Amino acid sequence: MFKSKTKILQLAVTLSACAFLLVPTILSVMAGLTANYFKGISSGLTLKWIYQVWELYADSIFLSLWLAFACLICTLIIGLPAAYGLARNPGWLSRLLEEFISLPLAVPGLALALALLQLYGSMKGFRASWTFILVGHVLYTLPFMVRSILAVLAAMDLKTLEEGAATLGASPWQRFRDIVVPNAMPGILAGSLTVVTLSIGEFNLTWMLHTPYLKTLPVGLADSYASMRLEIASAYTLVFFILIVPLLMAMQWASARAQRIAQ
Amino acid sequence: MSNRTFVMACLAPLLIFSLAFLALPLVRLFLASGEGDAGWAIYLDILRKPRYLNTLVLTVLVSLATTFAALAVSTTAGMFLVRNRFRGRGTLLSVLTLPLAFPGVVIGFLIILLGGRQGLVNQLTPGHVVFAYSALGLFLGYLYFSIPRVLLTVMAAAEKLDPSLEEAARTMGASPYRVVIDVILPGLMPSLIASGAIAFATAMGAFGTAFTLATNIDVIPMVIYTEFTLSANIAMASALSIVLGIITWILLLIARSLSGSTVAAGG
Amino acid sequence: MTLRLTHTAKTYPDGTKALLPTDLSVERGEIVSLLGPSGCGKTTLLRIIAGLETPDAGSDIWFDDDNVTALPVERRQVGMVFQSYALFPNMSVRANIGYGLKMQKLSKPEIEARVTEVLEMCQLQPFAGRAITALSGGQRQRVALARAIAPRPRLLLLDEPLSALDASLREALRDELAVLLREFDITAIFVTHDQDEAMAIADRVAVMSQGRVVQSGTPEDLYRNPNSAFVAGFVGNAMALRGRADGTALHLDGGVLSLPSDGGGQTVFVRAEDVRINDDGPLHGKVETVTFLGTHYRINLSGVTSNLLASIHAGQEAPEVGETVKLSIKPEALMLLPNETGGA
């Protein structure tokens with residue numbers, strides 16, 4: 001009796017939590033598709049708001065996609081060799097370096113943005129270009145890429161595999177290309193999806209680093225929340241959901257897979 | 001090129017990038033905090049001036065409330081989802097982890113849809129019920145943000161709990177309630193502390209949610225933002241950033257040493 | 001190819017001397033085993049030969065007339081079978097075996113032909129397309145050997161190649177490996193801690209202890225004429241008969257034994273198969289345990305010397321536990337070796 005009562009209570013808490021998370025999401029989706037949110041759903045469904053969002057904010061969507069892609073390339077170029085270097089040099093120095101590059105996970109984006117602005121804000125060409133935002137995104141997503149790959153590399157006997165390739169005549173570069181990269185693939189995939197998902201949703205740094213001519217999707221969202229009618233803000237949010245939810249699901253799948261391999 | 005040189009060369013891009021865009025900017029930020037009229041005493045000003053101290057207290061209180069609420073909700077739901085297999089379980093789990101990818105601004109907007117002037121609660125209840133822009137709205141926004149993160153950590157830990165420990169306690173005559181107190185909670189404790197620290201740190205530093213909701217109330221991230229953009233009080237903005245950064249960094253360091261996991265703190 | 005090492009040593013940065021200055025030569029086509037307990041430096045020696053460890057200054061490694069001491073591993077043209085096999089999980093069996101050939105920049109058809117040939121030799125044709133994870137331990141071991149041999153290395157090195165297998169499989173593959181190595185007609189060095197393995201596979205065994213080669217010779221030679229107590233103990237499990245030597249008489253707790261020569265300053269060793277239960281024997285001991293092993297009994301006896309003495313007893317029935325029996329040992333079965341100074 002007691003047991004079933006506790007279960008009912010647990011179920012009630014779980015369902016309330018689900019409702020708390022889901023109801024506003026549904027409200028937002030509905031608002032984005034209703035002709036007039038005040039009158040409710042009876043005013044009819046429409047794609048008018050989505051169309052208006054496209055007219056107003058298409059640039060921000062493309063900028064976000066472009067930034068996410070550029071960020072992915074940068075984190076791969078920096079993060080993949082770095083993860084390998086860290087995996088091959090286990091020791092306190094590597095731990096320290098890993099801890100240091102993970103600072104952007106802990107320190108609020110606002111603080112990092114202030115730091116970047118104060119050091120580079122006076123370099124006008126750099127400050128005003130999209131690469132300034134890119135730096136922020138790379139800074140924030142890099143630790144995820146490095147750790148994701150490092151976890152997979154640390155789980156295998158990388159040293160012996162490489163020695164095996166070396167006795168067969170492979171140079172350091174060939175070993176990296178033929179052995180390290182293919183075996184790190186699950187970590188690379190999980191890291192890449194994480195980087196893209198986080199880059200598209202990044203607001204804290206981006207809000208501080210952006211210029212009026214360079215608005216990313218989340219910056220545009222904040223803009224629309226402040227100045228547009230509720231339906232347009234909702235429709236814009238819906239566009240964001242459509243973009244981010246599949247990415248999130250792919251990321252969760254890839255991370256679970258990489259974690260299985262790393263165990 | 002020898003193997004050692006190659007491995008070292010692999011670390012070079014990381015070193016250059018993090019030196020240029022992390023180490024040097026943080027040093028600059030720290031130096032900037034001491035360049036105001038007050039000099040290094042600015043860190044004392046945070047505690048001396050009511051405006052900053054009150055904000056700090058409010059931020060800590062809202063963050064604490066968020067932490068305990070998120071722990072209570074997520075532990076209950078997480079244990080339930082780990083221990084029971086039923087139809088629709090996967091759907092519930094998806095719903096509960098969906099907001100992982102929502103940035104703080106979006107969550108702020110969702111809270112407005114719940115408790116804003118045009119919000120659901122205001123429409124359903126007689127009278128004027130608007131809470132989105134108060135401390136309660138901020139609390140709900142942070143809670144929305146934290147539930148999925150705490151849930152994942154707790155579920156991962158709960159799955160590793162050895163069921164035979166509970167069974168052993170039951171055979172020795174412990175009631176289900178005692179089992180929770182004596183076996184389950186102690187087993188989950190490291191991950192509860194870890195995810196609690198993450199929730200607290202995230203709430204302390206959350207900018208996006210505060211940016212949409214905190215129009216009437218002050219929390220630290222908003223003060224940093226306004227000091228920097230409106231008052232051009234760069235020294236104070238830097239000092240507050242440093243203090244906030246150190247607090248969240250230490251908390252996440254504790255969290256990681258306890259759970260060994262990394263959960264995104266941003267948003 | 002002949003291998004020659006002179007003055008080769010290895011000291012780790014923390015000062016540990018893993019290998020003391022060692023000289024070793026291996027003739028063309030010879031199969032040499034480095035035998036010793038863990039930590040004796042045998043794997044370090046093998047890895048130095050492979051080029052995976054850098055030896056101390058003053059060391060010299062010659063492959064025929066080439067001094068390869070400074071040559072990096074990838075240019076030494078050695079084949080190596082690792083203890084864990086180190087097969088590439090991202091490649092099929094065929095791709096693993098072909099990898100070394102690809103590194104030699106051979107043409108596709110050449111690689112195909114050579115891989116097929118090696119697959120056949122190692123009886124791996126049915127598994128050619130499989131993933132490494134889909135292979136059993138024994139199959140993996142053969143793929144590792146095939147991969148090492150495919151590029152036709154100058155020297156084949158094997159690091160405990162059988163230790164990752166379970167006991168029943170190990171014995172079968174041991175004989176198979178001995179046959180294959182001779183078929184390949186290659187100079188090979190393999191490291192093991194298992195004396196049976198070394199005896200079964202190698203032409204010559206180099207016994208190592210505490211960073212040095214203590215004796216090197218044919219398996220028969222080492223078994224019959226060990227030059228130290230360590231070799232006698234490690235190869236063939238000889239037991240020490242501790243007592244007081246008085247000229248050619250050895251006074252033990254369980255009686256007096258006559259020695260073939262003066263026992264002063266020497267320790268006397270004997271193997272279990274030479275300790276006979278014999279009613280006319282000069283020694284006596286008490287039966288502690290009796291283990292039936294199919295073809296024979298293994299009997300542990302106390303009271304003969306300070307430690308337990310084992311006897312291999314081939315009779316149809318064994319004495320009872322607790323019984324006192326008479327024992328004899330032929331003088332020619334006794335091995336007199338200089339007293340150990342220090343450890344081992």
Side-chain angles (χ1 to χ4, degrees), chain A residues 2-3 6 10-11 13-14 17-18 20-25 27-28 31 37-38 77-78 81-82 84-85 88-89 100-101 103-111 114-116 118-119 135 139-140 147 172-173 197-198 201-204 207 218 221-222 225 230 233 237 240 244-245 247-248 252, chain B residues 1 3 6-8 10-11 13-14 17-18 21-22 24-26 28-29 32 73 76-77 79-81 92 95-106 109-111 113-114 118 120 144 147 176 201 205 207-208 211-212 221 224-225 228 237-238 241 244-245 248-249 252 262 264-266:
Chain A
F2 183 85
K3 198 168 180 187
T6 8
Q10 282 182 313
L11 179 65
V13 171
T14 310
C18 283
F20 172 54
L21 299 185
L22 197 57
V23 167
T25 315
L27 288 177
S28 155
Y37 186 63
F38 289 111
I77 290 174
I78 301 171
Y84 168 72
R88 283 305 306 269
N89 280 311
F100 181 66
I101 63 151
L103 267 183
L105 301 184
V107 175
L110 195 60
L114 276 188
L116 283 173
Q118 289 186 42
L119 191 62
V135 164
L139 201 57
Y140 175 55
R147 284 168 173 222
W173 161 246
T197 310
L198 290 176
E202 212 298 316
F203 174 77
N204 295 357
W207 180 260
L221 279 173
Y225 297 156
L230 198 69
T237 309
F240 175 73
I244 210 79
V245 170
L247 272 172
L248 174 75
Q252 285 181 322
Chain B
M1 182 164 23
N3 192 24
F6 182 79
V7 171
M8 284 301 150
C10 281
L11 286 170
L14 180 79
F17 180 84
S18 48
F21 297 116
L22 187 56
L24 292 179
L26 285 178
R28 182 77 199 87
L29 184 73
V73 172
T76 312
M79 282 308 292
F80 180 72
L81 290 172
L92 290 188
V95 169
L96 287 169
T97 51
L98 187 75
L100 275 178
F102 295 178
V105 256
V106 172
F109 178 64
L110 295 179
I111 297 300
L113 285 176
L114 268 186
Q118 306 168 30
L120 184 71
Y144 197 105
I147 285 177
F207 174 58
F211 185 76
T212 29
I224 295 176
Y225 179 66
F228 185 73
S238 304
S241 297
L244 185 59
T248 52
W249 178 68
L252 287 166
T262 316

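Computation of the quantities below employed the complete heavy-atom set of this structure, encompassing side-chain atoms and omitting hydrogens, waters and symmetry-equivalent molecules. Chain letters run A, B, ... following the sequence lines, proteins first and then strands; every chain starts at 1. Values in this document were obtained by computation on a predicted structure and should not be read as measured data.
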Can you name the closest pair of heavy atoms from [X] and [Y] and give their distance?
X: A/A115; Y: B/L26; result: CB-N, 4.1 Å
X: A/A82; Y: B/L11; result: O-CD2, 3.5 Å
X: B/L252; Y: A/A106; result: CD1-CA, 3.2 Å
X: B/A101; Y: A/L248; result: CB-CD1, 3.8 Å
X: A/N204; Y: B/G208; result: OD1-N, 3.4 Å
X: B/L29; Y: A/A111; result: CD2-O, 3.8 Å

>> Between B/Y144 and A/L21 (side chain of the first, backbone of the second, donor and acceptor by atom type, cut-off under 3.5 Å), is there such a pair?
In response: yes
> Which bit of B/T212 is near chain A, if near means a heavy-atom gap under 4.5 Å: side chain, backbone, both or neither?
Replying inline: side chain
>> Between B/P221 and chain A, with a heavy-atom cut-off of 4.5 Å, which part of the residue counts as in contact: side chain, backbone, both or neither?
In response: both
Return the option, out of [options], with the maximum number of heavy-atom pairs under 4.5 Å with chain A.
options: B/L22, B/I111, B/L81; value: B/L22
options: B/F211, B/F228, B/W249; value: B/F211
options: B/P25, B/A77, B/S241; value: B/P25

Considering only heavy atoms, which portion of [X] lies under 4.5 Å from any heavy atom of chain B: side chain, backbone, both, or neither?
X: A/F240; answer: side chain
X: A/V135; answer: both
X: A/S28; answer: both
X: A/I101; answer: both
X: A/L247; answer: neither
X: A/W207; answer: side chain

Do [X] and [Y] make a side-chain contact, defined as non-hydrogen atoms from C-beta onward lying under 4.5 Å apart?
X: B/F102; Y: A/T25; value: yes
X: B/F17; Y: A/L139; value: yes
X: A/F100; Y: B/S18; value: yes
X: A/E202; Y: B/P103; value: no

Identify which of [options] forms the greatest number of heavy-atom pairs closer than 4.5 Å to chain B.
options: A/C18, A/G201, A/A222; result: A/C18
options: A/L22, A/T237, A/L230; result: A/L230
options: A/L110, A/I244, A/V107; result: A/L110

>> Just to verify, what does A/Y225 make a ring pair (Phe, Tyr, Trp, His ring centres under 6.0 Å) with, not counting sequence neighbours?
In response: B/F109
> For A/V13 and B/F80, what are the C-alpha separation, side-chain angles and deciding distance, and is it a side chain to side chain contact (heavy atoms under 4.5 Å, CB included)?
Replying inline: CA-CA 9 Å; A/V13 171; B/F80 180 72; over 6 Å; no
> Looking at SG of B/C10 and CG of A/N89, how far apart are the two atoms once the value is rounded to the nearest 0.5 Å?
Replying inline: 10.0 Å
> Checking side chain to side chain contact (heavy atoms under 4.5 Å, CB included) for the pair A/L27/B/L110: CA distance, chi angles, key distance, verdict?
Replying inline: CA-CA 8 Å; A/L27 288 177; B/L110 295 179; over 6 Å; no
> Which is it for A/L116 and B/R28 under the side chain to side chain contact (heavy atoms under 4.5 Å, CB included) test, yes or no, and what are the steps along the way?
Replying inline: CA-CA 9 Å; A/L116 283 173; B/R28 182 77 199 87; over 6 Å; no
> Do A/T14 and B/T76 pass the side chain to side chain contact (heavy atoms under 4.5 Å, CB included) test, and can you show the C-alpha distance, the side-chain angles, and the key distance before you say yes or no?
Replying inline: CA-CA 7 Å; A/T14 310; B/T76 312; 5.5 Å; no
